[in-house]
**Student:** 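One structure coming up, written as structure tokens, with questions to follow.
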Amino acid sequence: MSSFTEKYHELSKCSPPALHFSETMRWEQRFPSMKCYGDVPAIDFSGKDLDFKAQYGSFEFLRCLLHCAGGVLPKSDETRGFSWRSCVSVAAAYPTEIFVVLRNVEAGSGLFYFDVDAEKLLQIGSEESIDNLSKAFADDSLFSRSRITLFCTSMLDRCVWRLRESSYRIALLDAGALLGNVTNFSKAFGCPVVPLGGFVDSVWEHELRLSSGEVPVAAFALDPELRGYIPDSVPSLDPFVAKEMLWLDVSFSLLLCQNQAERIPENVFRKRVSKNYFFIQSEEYISLPPAPNLLHDFLESPEKLARHPYFCKNFIPRTIKLSEFSAILEGAVRGHLSFFSSGYLKCYILIFNVEGLASGLYRYESIRHLLQPLNLEVSEKLWEESHIVPEQLRHTAFTVIYAADLSKTTMLLGDRGYRYLLLDSGIVNASLHLFAEPLGLMAKGEYGYYEDFLKKIIGLDEQDSILYETMIGAPQKD
């Protein structure tokens, strides 16, 4: 019998054609918060220049963090008259909202809502609210130790009118993209990021005063003191240390909550699930060359994380160097596949124009940075035709395909596992956008595809479901 997750995924596979008309690709011309907390204390974060040399816990560190997570960029000719955010949004609907719990930092302590438009933190709760929030977690030890914790929610009202059945799925990808920005920002500052996925939704809804169309999604704890408490999920800047940390991470068990429906009832079922890393068993594999970790660029100039607004352009023909390909996978994919989903997210690479690699479908193993050839007879033309707008895919150099066996995932993680899979997909997608730019390349997400046809064209296993795609290539010049 199919699980709730499998039935929902089947329902949301077909994207409405209206998604791809440019007139519908905006959330009006600004991002109204749709929230009213009345006359509450506020911390003003407005200002022109960001100090990316700030220390953890300082007022300026928090300001930079929130701006890179989802701050609104000023309108200009470059933004085409629209207010864009610093994070990637799959359908440009920006449904993700940010709440922050602060403990003993320069900005103070309490529960806050980040008003993106006004660039202010609105205090909506005190220590009592924080204590109540801690009851939502099956294990609150990480939450209680962190001085900065970000909570993400998704306002489905912003995208359901256009995305219809797909709105929940796309909203989770967007939340993952925001968390991807947070992850890379924190890593650039040497601050570990710990995902908090096991919690009871209803406690959040009450303490954060969420509307009926807003759902809790995920939380991240950021604190240097957590470095020795849990293995860091992001590769170290030292590639040798990175391998060691990833191997240690294999034995780490993540505390998760699961239940039959998406919302966890009062009788929470708690289960420890060990991370499930993929290893290539076949003797036929390709070892990718060592690559510089592109986070070094952000250590030198982390203001790149608050990049200019991103616009989708068409690709132009260009062969990507193997070193560039390896660097993108090393920085954006390796170490980001199992933040929430315990290793059940699969990463396939569809290659068309990468130096030294034959065109076709590969499976990526993140532990040892290897590729396993699966199908070297994929037709690029048929692959393009398996999408709603084939013109947007032409001259793609390679594509990252996120997939999972939903039956196996829900068996182990419950239906909430679908949430975790999409969050990790969003984190990798945002990282690909970020790490492609220093190499003069462009990443472009795509959810307008015919899944059954696409799986047949590339030769994907029948039990796998495709969650999302990210294309990489050289952008057209202005």
Side-chain angles (χ1 to χ4, degrees), residues 26-52 54 57-76 78-89 92-103 105-126 129-130 133 148-159 171 174-175 177-179 181-182 185 204-205 207-211 213-217 219-220 222 303 305-310:
R26 305 286 184 272
W27 171 244
E28 299 181 356
Q29 293 192 17
R30 59 189 299 275
F31 306 109
S33 64
M34 292 186 178
K35 292 180 176 293
C36 182
Y37 289 107
D39 187 15
V40 297
I43 301 174
D44 191 353
F45 281 123
S46 60
K48 293 184 179 180
D49 298 326
L50 296 170
D51 179 11
F52 284 93
S58 67
F59 181 89
E60 196 61 29
F61 175 89
L62 189 60
R63 180 170 171 246
C64 293
L65 170 66
L66 292 174
H67 178 81
C68 290
V72 175
L73 301 170
K75 292 182 181 180
S76 65
E78 186 180 2
T79 66
R80 304 179 188 177
F82 292 96
S83 296
W84 291 78
R85 292 192 184 182
S86 57
C87 64
V88 176
S89 178
Y94 297 102
T96 310
E97 294 285 0
I98 303 172
F99 295 82
V100 188
V101 168
L102 302 178
R103 290 187 178 92
V105 296
E106 185 179 345
S109 300
L111 171 62
F112 298 85
Y113 164 69
F114 180 42
D115 187 331
V116 177
D117 288 311
E119 295 185 291
K120 292 181 179 180
L121 275 181
L122 307 181
Q123 185 166 359
I124 61 173
S126 58
S129 299
I130 298 175
L133 271 177
I148 300 178
T149 306
L150 265 61
F151 291 79
C152 292
T153 65
S154 290
M155 296 194 71
L156 301 182
D157 293 345
R158 291 188 180 171
C159 47
D174 271 14
L178 186 148
L179 296 174
N181 269 22
V182 171
F185 170 86
W204 277 40
E205 292 167 354
E207 292 302 324
L208 302 181
R209 310 182 208 176
L210 304 187
S211 63
E214 188 174 6
V215 295
V217 175
F220 263 16
L222 298 85
E303 61 272 7
L305 286 162
R307 59 190 182 281
H308 294 293
Y310 167 78

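Bear in mind that the values here come from a model prediction, so they are computed numbers and not experimental data. No hydrogens, no waters, no symmetry mates; every other heavy atom, side chains included, goes into these values.
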**Student:** Can you tell me if Asp115 uses its side chain to pair, donor with acceptor, with the backbone of Lys120 under 3.5 Å?
**Tutor:**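 Judged by distance alone, no pair lies under 3.5 Å.
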**Student:** Rounded to the nearest 0.5 Å, what's the gap from CG on Asn181 to NE2 on His67? Could you check?
**Tutor:**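 Output value for this atom pair is 10.0 Å.
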**Student:** Of Leu121, Thr153, Leu66, which meets side-chain contact (heavy atoms from CB on, under 4.5 Å) against Ile98?
**Tutor:**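 Of the listed options, the one satisfying the test is Leu66.
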**Student:** Ala171 and Ser154: which non-hydrogen atoms are nearest, and at how many Å?
**Tutor:**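 The pair with the smallest heavy-atom distance is O-OG, 3.6 Å.
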**Student:** Determine, step by step, whether Leu222 and Leu65 satisfy the side-chain contact (heavy atoms from CB on, under 4.5 Å) criterion, reporting the C-alpha distance in whole Å, the side-chain angles of both residues, the deciding distance to 0.1 Å, and the verdict.
**Tutor:** CA-CA 10 Å; Leu222 298 85; Leu65 170 66; 4.0 Å; yes
**Student:** Of the non-hydrogen atoms in Asp44 and Ala118, which two are nearest, and what is the gap between them?
**Tutor:**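 Heavy-atom minimum between the residues: OD1-O, 4.4 Å.
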**Student:** Can you list the steps and then say if Leu133 with Phe151 is a side-chain contact (heavy atoms from CB on, under 4.5 Å)?
**Tutor:** CA-CA 11 Å; Leu133 271 177; Phe151 291 79; 4.1 Å; yes
**Student:** Compare all side-chain heavy atoms of Leu62 with those of Leu102 and state whether any distance is below 4.5 angstrom.
**Tutor:**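 Yes, side chains in contact.
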**Student:** What heavy-atom pair brings Ser211 and Met155 nearest, and what distance separates the two atoms?
**Tutor:**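 Taking every non-hydrogen atom into account, OG-CE, 4.2 Å.
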**Student:** Would you check, one step at a time, whether the test side-chain contact (heavy atoms from CB on, under 4.5 Å) holds for Ile130 with Arg103?
**Tutor:** CA-CA 10 Å; Ile130 298 175; Arg103 290 187 178 92; 3.1 Å; yes
**Student:** Indicate, with yes or no, if the rings of Phe61 and Phe185 have centres closer together than 6.0 Å.
**Tutor:**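 Judged by ring-centre distance (under 6.0 Å), Phe61 and Phe185 do meet the cut-off.
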**Student:** Using the ring of each side chain (for Trp, its six-membered ring), is Phe45 parallel, tilted or perpendicular to Phe59, with breaks at 30° and 60°?
**Tutor:**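 Geometry flag for Phe59 against Phe45: tilted rings.
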**Student:** Measure the CD-OG distance between Glu106 and Ser58 for me, rounded to the nearest 0.5 Å.
**Tutor:**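 Output value for this atom pair is 6.0 Å.
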**Student:** Where do Thr149 and Ala219 come nearest, in terms of heavy atoms and distance?
**Tutor:**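 Heavy-atom minimum between the residues: CG2-CB, 4.5 Å.
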**Student:** Mind checking whether Thr96 and Val217 have side chains closer than 4.5 Å, heavy atoms only?
**Tutor:**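 Of all side-chain heavy-atom pairs linking Val217 with Thr96, none is under 4.5 Å.
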**Student:** Using the salt bridge (Lys or Arg N to Asp or Glu O under 4.0 Å) criterion, which residues pair with Glu60? Sequence neighbours excluded.
**Tutor:**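 Glu60 satisfies salt bridge (Lys or Arg N to Asp or Glu O under 4.0 Å) with Arg63 once adjacent residues are dropped.
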**Student:** Answer yes or no: is there a side-chain heavy-atom contact under 4.5 Å between Phe99 and Ile124?
**Tutor:**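 Answer yes - side chains close enough.
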**Student:** Hey, what do you get for CZ (Phe112) to OG (Ser129), rounding to the nearest 0.5 Å?
**Tutor:**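 Phe112 atom CZ to Ser129 atom OG measures 11.0 Å (nearest 0.5 Å).
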